[in-house]
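Reviewing the structure listed below.
All ligand and atom numbering here is 1-based and tracks the order in the structure. Bear in mind the structure is a predicted one, so any value in this text is a computation, not a measurement. Atom set for the values below is all heavy atoms of this structure, side chains included, hydrogens, waters and symmetry mates excluded.
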Amino acid sequence: MNPRIDIYVDRIKHNTRLLVEKAKTCNINLAVVTKSFCAMSEIVETLIDTEIKYLADSRIENLKKMQHFKLEKMLLRLPMISQVNEIVQFADISLNSEIVTIRELNKAAIEQKRTHKIIIMQDVGDLREGIFNDEEMISVVREASELSNIKVVGVGTNLSCFGGVIPDKENLGELVETAKKVESILGYPLEIISGGNSSSLYLIDEFKMPKKINNLRIGEGIVLGGETTCGLQIEGAYIDTFVLTAEIIEIKQKPSVPIGKIGLDAFGNVPSFKEKGNLIRAILAVGKQDFGAYDIFPIDTEIKVLGSSSDHLIIDITSCEEPYKIGDEISFTLGYGSLLALMTSEYIYKNIVCE
Ligand SMILES: *Cc1c(COP(=O)(O)O)cnc(C)c1O
């Protein structure tokens, strides 16, 4: 079936085990982030016996899909007030920065006779979500701790997502200081001090992880065996966990530069081309509607990606040894952006491979 993603679940599981063990050396537990694969059950079920502590996703629809798994579920994206009922029902824990939202979560929790756990987010510089100043942090913690059906169980931060800020001893050190203050207000130790995402993993290798950090929320490290911001390649991890395969529908020798007056392409950009003489060009039946405008990497390294439109991917096979023909399949490893898009595309067949 084409186009498809072959999902090597055993490799994903291997990566998860590897990172669980790595994190353990710093007394850190993991929340496995399932959003990049839309919390697909066949993948999640292979991961639950790997000593991971939480299942985490940014979308409540995905947490709902994972209800039959016993592990505690964590909502990563700040709650929408319009969804507080579902959030209290399907998420055990949510990440929060707005007291007005926490009050609404409390009301929903009272109605459902549940206790909803919250992690309060601090922004230590990346400028996406989180409380930015100390006074607000203290007042939010004070008020939240007095709400009958809310339990403050942790503090956390997120880095390298919007601002590209790299986690280090200093900014995670700030989170640790906040954790201490919060604990003194609450009068009990926090269960979760969550020091970020896959971009924080390198601190373990370099023995720079502040001691009090006891949780990381890991997606990319598990699914792709690396991390983009810091260019981390995790030793011993697989990168070919999700492999895109698409079929060749045309092969022709054509020039490298289009003929005629050049306007805008289908996406409003002015295309530019280098003169490289005639090329053997192949067209694959997959396109931007499936992988967005994100990078994909041919496994046959002689192949060059020339570009794509909504439904077509154009590659240069001039220097390939393999005698490709119409109907052949070409495979690619993925970056985080293309993985997200492909797993979300309904035109891509999702094929679980057990090795
Ligand atoms: C997506 C997300 C993560 C996981 O990030 P990775 O870089 O894939 O490890 C962690 N925390 C939050 C809040 C997220 O939205």
query = Can you list every ring pair (Phe, Tyr, Trp, His ring centres under 6.0 Å) pair that touches residues 328-355, not counting sequence neighbours?
reply = none
key: Pairs involving residues 65-84, ordered by first then second residue, that meet salt bridge (Lys or Arg N to Asp or Glu O under 4.0 Å) (sequence neighbours left out)   = E72-K117
task = Over all heavy atoms of both residues, which pair between P210 and L172 is shortest? Give the atoms and the distance, please.
result = CG-CB, 3.8 Å
ask   = Can you find a side-chain donor-acceptor pair between S310 and Q289 that sits under 3.5 Å?
value = no
task = With sequence neighbours excluded, give me every ring pair (Phe, Tyr, Trp, His ring centres under 6.0 Å) pair touching residues 14-72.
result = H14-Y238
Can you pull every nitrogen or oxygen pair between ligand 1 and the protein closer than 3.5 angstrom?
{"from": "ligand 1", "atom 1": "8 (O)", "to": "E220", "atom 2": "N", "distance (Å)": "2.7"}
{"from": "ligand 1", "atom 1": "9 (O)", "to": "S198", "atom 2": "N", "distance (Å)": "3.0"}
{"from": "ligand 1", "atom 1": "9 (O)", "to": "S198", "atom 2": "OG", "distance (Å)": "2.5"}
{"from": "ligand 1", "atom 1": "9 (O)", "to": "G219", "atom 2": "N", "distance (Å)": "2.8"}
{"from": "ligand 1", "atom 1": "9 (O)", "to": "E220", "atom 2": "N", "distance (Å)": "3.4"}
{"from": "ligand 1", "atom 1": "11 (N)", "to": "N158", "atom 2": "OD1", "distance (Å)": "3.4"}
{"from": "ligand 1", "atom 1": "11 (N)", "to": "R217", "atom 2": "NE", "distance (Å)": "2.9"}
{"from": "ligand 1", "atom 1": "11 (N)", "to": "R217", "atom 2": "NH2", "distance (Å)": "3.3"}
{"from": "ligand 1", "atom 1": "15 (O)", "to": "K35", "atom 2": "NZ", "distance (Å)": "2.7"}
{"from": "ligand 1", "atom 1": "15 (O)", "to": "R128", "atom 2": "NH2", "distance (Å)": "3.4"}

key: Enclosure of R281 CZ (heavy-atom neighbours >12, cutoff 6.0 Å)   = yes
